[in-house]
Amino acid sequence: MTLTTDNNQRTLPSPAQLRTVVAPAPAVVAQPRPRSAVAMSAAGVTLFALVGASAPNHNTLTVPITWLALPAMSDALSQTVTTAAVVLSCLGTLGMLNARRHGWSPDPRVLFRSGALAVLVVADLTPVGSSDTASYAAYGRIAALGGDPYLTSPAQLGAPYADLVAVAWHDTPSVYGPVATWWQAAAAFVGGERPWLTIWVLMLAGAGVFLVTGRLLIRTADDPVRAGLLWVANPLLIGVLVAGGHLDTIVASLTVCAMHFARRTPCLRHDLIIGGLVGLACCVKISAALLGVALAWPLLRAGAWRRAVLQTSVATLTVVLLYSVYGLHALEPLSAASQMVSSPSLWTVFERLGSELLGPGATETVIRLLWPPLMLALAWALHRRTPADCPPVVAVPFALAFAWVLTAPWSMPWYAALAWAPAALSPQGRLTGYLVATTAVLALVHNSGGHGWTA
């Protein structure tokens with residue numbers, strides 16, 4: 001700019017004009033766009049859906065329930081596609097979390113809609129990665145006919161339901177709680193003599209619970225974007241929980257509700273609700289007792305003994321009342337199931353070596369005595385590494401559930417849902433990445449398809 005004197009009728013610029021000229025332009029920081037992570041996530045869900053739509057194959061039930069059935073895959077192709085789906089979903093989830101850590105902030109509503117679309121697609125296909133839904137359907141059919149699923153096995157039920165149940169579970173009565181039984185019976189009431197319809201109802205109902213849980217997490221989390229990425233838009237959970245049709249989704253939903261009330265202002269009503277929710281979760285799967293322990297521990301450390309006793313008493317009373325509908329014999333299948341060791345796992349090696357040195361009976365006793373203290377020790381170590389700003393009512397359930405998944409003799413990828421629920425409410429931390437990797441590894445090595453498990 002050229003400055004002149006008044007001799008040529010020009011004037012000096014005002015101070016405001018000078019400030020306008022010299023003021024630097026605001027810096028524009030480009031928000032990270034994890035296109036590759038999103039693409040891998042979408043590809044992972046697509047491959048899960050492809051396997052479900054190509055039933056029956058090595059990774060699905062023997063009878064498809066999909067409306068648009070594709071040609072059945074060979075065993076080798078099915079395994080390859082499923083493995084690729086797990087790996088891509090794992091990498092996609094890690095990539096999106098990394099982008100979030102570096103400032104990526106998508107609209108939570110978009111995350112929910114995208115996840116809901118993927119959930120509804122896989123829920124309308126044949127269950128992938130597990131034969132558990134066939135067992136659910138059989139137990140529900142027994143209850144719907146007026147039988148006792150804790151005394152009657154799928155083999156006694158007979159065709160057509162028993163034909164879908166994995167051989168390993170043919171002669172095993174239900175190991176699930178009464179709430180799970182009533183859930184299964186409602187689906188079987190709709191399905192009648194058509195097991196595919198019962199399974200489809202179970203899949204849709206589970207998908208609905210998954211979406212409601214995701215909505216609640218987004219609305220209550222301090223970081224709604226992170227909550228959405230870790231649950232409703234998580235391709236790994238969609239593949240493991242929704243495509244697998246597992247009851248662990250219900251347990252996770254009740255866990256989120258219990259933690260929601262535990263984070264609010266303490267009062268008698270909230271403690272009663274928390275105890276009731278924990279009791280209901282235990283009546284779906286008894287492993288939810290870990291939630292009760294995890295919520296009581298911070299209260300005990302803070303000296304709130306009365307609140308801890310009240311919550312525990314209400315949870316226990318709920319379990320007793322609901323199980324009393326069937327009687328104490330409903331707990332007997334749980335005792336037999338607690339002696340099982342999943343293969344492959346570290347406990348499998350211990351079991352084989354111990355059986356040669358100590359005998360099968362002594363080895364089972366040693367495992368029973370060894371893994372609980374190991375779980376508690378690992379939970380303590382994990383809790384020490386949770387972010388400092390993570391509330392105890394979230395940090396302790398996460399640490400204890402994650403330690404259980406890592407140390408339990410019988411552990412499946414869908415069991416991790418109990419850890420994923422508090423993880424979605426936690427701040428950023430390295431442990432979340434470890435949970436993603438653990439779930440993916442379990443999904444790769446424990447993929448029963450329609451063949452079931454052997455102890």
Lys/Arg N to Asp/Glu carboxylate O, Asp222 vs Arg263, below 4.0 Å:
yes
Main chain of Trp380, side chain of Arg384: is a donor-acceptor contact present, judged purely on distance under 3.5 Å?
no
So, does Ser426 use its side chain to make a donor-acceptor pair with the main chain of Pro422 at under 3.5 Å?
yes
Determine whether Val436 and Cys90 make a side-chain contact, defined as any pair of heavy atoms from C-beta on separated by less than 4.5 Å.
yes
For atom CG of Leu369, decide whether the heavy atoms of other residues, nucleotides or ligands shown that lie under 6.0 angstrom number more than 12.
yes
Would you indicate whether the side-chain heavy atoms of Pro195 and Val63 approach each other to under 4.5 Å?
no
Interatomic distance, OG1@Thr152 vs CG@Leu145, rounded to 0.5 Å, equals 10.0 Å
Would you please indicate yes or no on a ring centroid separation below 6.0 angstrom for Trp196 and Trp67?
yes
CH2 of Trp200 to CD1 of Ile65: how many Å apart, nearest 0.5 Å?
8.5 Å
Report yes or no: does Ser74 contribute a side-chain atom to a donor-acceptor pair with the main-chain N or O of Leu77 at less than 3.5 Å?
yes
Distance alone, cut at 3.5 Å: any donor-acceptor contact between the side chains of Thr439 and Trp420?
yes
Examine distances only and state if a side-chain atom of Thr66 and a backbone atom of Leu125 form a donor-acceptor pair shorter than 3.5 Å.
no
Does His383 offer a backbone N or O that forms a donor-acceptor pair with the side chain of Thr386 under 3.5 Å?
yes
A side-chain contact here means heavy atoms from C-beta on lying under 4.5 Å apart; do Ile142 and Asp148 qualify?
no
With rounding to the nearest 0.5 angstrom, report the SG to CG distance, Cys282 to Leu277.
11.0 Å
Using modelled atom types and a 3.5 Å cut-off, is there a donor and acceptor pairing between side-chain atoms of Trp347 and backbone atoms of Thr407?
yes
Around atom CZ of Phe189, are there more than 12 heavy atoms of other residues, nucleotides or ligands at under 6.0 Å?
no
Could you tell me whether Arg301 atom CZ has more than 12 heavy atoms of other residues or ligands within 6.0 Å of it?
no
Could you tell me the separation between the CZ atom of Arg101 and the CE atom of Met96, rounded to the nearest 0.5 Å?
13.0 Å
Criterion side-chain contact (heavy atoms from CB on, under 4.5 Å) on Leu431 and Phe398, from CA distance to verdict:
CA-CA 10 Å; Leu431 292 180; Phe398 168 76; 3.8 Å; yes
Could you give the distance from CG (Leu230) to OG1 (Thr93), rounded to the nearest 0.5 Å?
8.5 Å
Atom pair CD1 (Ile250) and CG (Leu247), whose distance is rounded to the nearest 0.5 Å:
5.0 Å
Can you find a pair of side-chain heavy atoms, one from Arg141 and one from Glu193, that are under 4.5 Å apart?
yes
Residue pair Thr198 / Tyr161, side-chain donor-acceptor N/O under 3.5 Å:
yes
Side-chain heavy atoms of Trp182 within contact of Val325, under 4.5 Å
yes
Pair Thr213-Ser253, side-chain donor/acceptor within less than 3.5 Å
yes
Taking the side chain as everything from C-beta on, heavy atoms only, tell me whether Leu322 gets closer than 4.5 Å to Leu280.
yes
Test side chain to side chain contact (heavy atoms under 4.5 Å, CB included) applied to Ser114 and Val110, Leu117, Leu111, the passing residue:
Val110
Measure across Thr255 and Ala421 and return the closest heavy-atom pair with its distance rounded to 0.1 Å.
CG2-CB, 4.2 Å
Between Tyr136 and Trp183, does the ring centroid distance fall short of 6.0 Å?
no
Please report the closest heavy-atom contact between Pro298 and Ala294, naming both atoms and the distance.
CD-O, 2.9 Å
On a heavy-atom basis, which atom in Pro56 and which in Thr62 lie closest, and how many Å separate them?
CB-O, 3.2 Å
Measure across Ala417 and Ala252 and return the closest heavy-atom pair with its distance rounded to 0.1 Å.
O-CB, 3.8 Å
Tell me, with the steps shown, if Ser287 and Val251 meet side-chain contact (heavy atoms from CB on, under 4.5 Å).
CA-CA 9 Å; Ser287 55; Val251 177; 5.6 Å; no
Looking at Met73, is its backbone amide N or carbonyl O close enough to the side chain of Asn57 to form a donor-acceptor pair, meaning the two atoms are under 3.5 Å apart?
no
Nearest heavy atoms of Val225 and Pro106, plus distance in Å:
CG2-O, 3.3 Å
Quick check: are there more than 12 heavy atoms from other residues, nucleotides or ligands sitting under 6.0 Å from CH2 of Trp297?
no
Ring-ring centroid check Trp410 Tyr415, cutoff 6.0 Å:
no
With the side chain counted from C-beta on, respond yes when Val284 and Tyr176 share a heavy-atom pair under 4.5 Å apart, and no when they do not.
no
Taking all heavy atoms of Pro235 and all of Val45, pick out the closest pair and write down the distance.
CB-CG2, 3.6 Å
Without swapping roles, check the side chain of Gln156 against the backbone of Ser153 for a donor-acceptor pair under 3.5 Å.
yes
Evaluation steps, side-chain contact (heavy atoms from CB on, under 4.5 Å), between Leu211 and Val232
CA-CA 6 Å; Leu211 293 178; Val232 72; 3.8 Å; yes
Is His329 reaching over with its side chain to a backbone N or O of Tyr150, donor-acceptor style, under 3.5 angstrom?
no
From CA spacing to verdict: side-chain contact (heavy atoms from CB on, under 4.5 Å), Trp404, Leu378:
CA-CA 9 Å; Trp404 168 62; Leu378 181 58; over 6 Å; no
With the side chain counted from C-beta on, respond yes when Ile218 and Trp231 share a heavy-atom pair under 4.5 Å apart, and no when they do not.
no
Side chain Thr432, main chain Gln428, donor-acceptor under 3.5 Å:
no
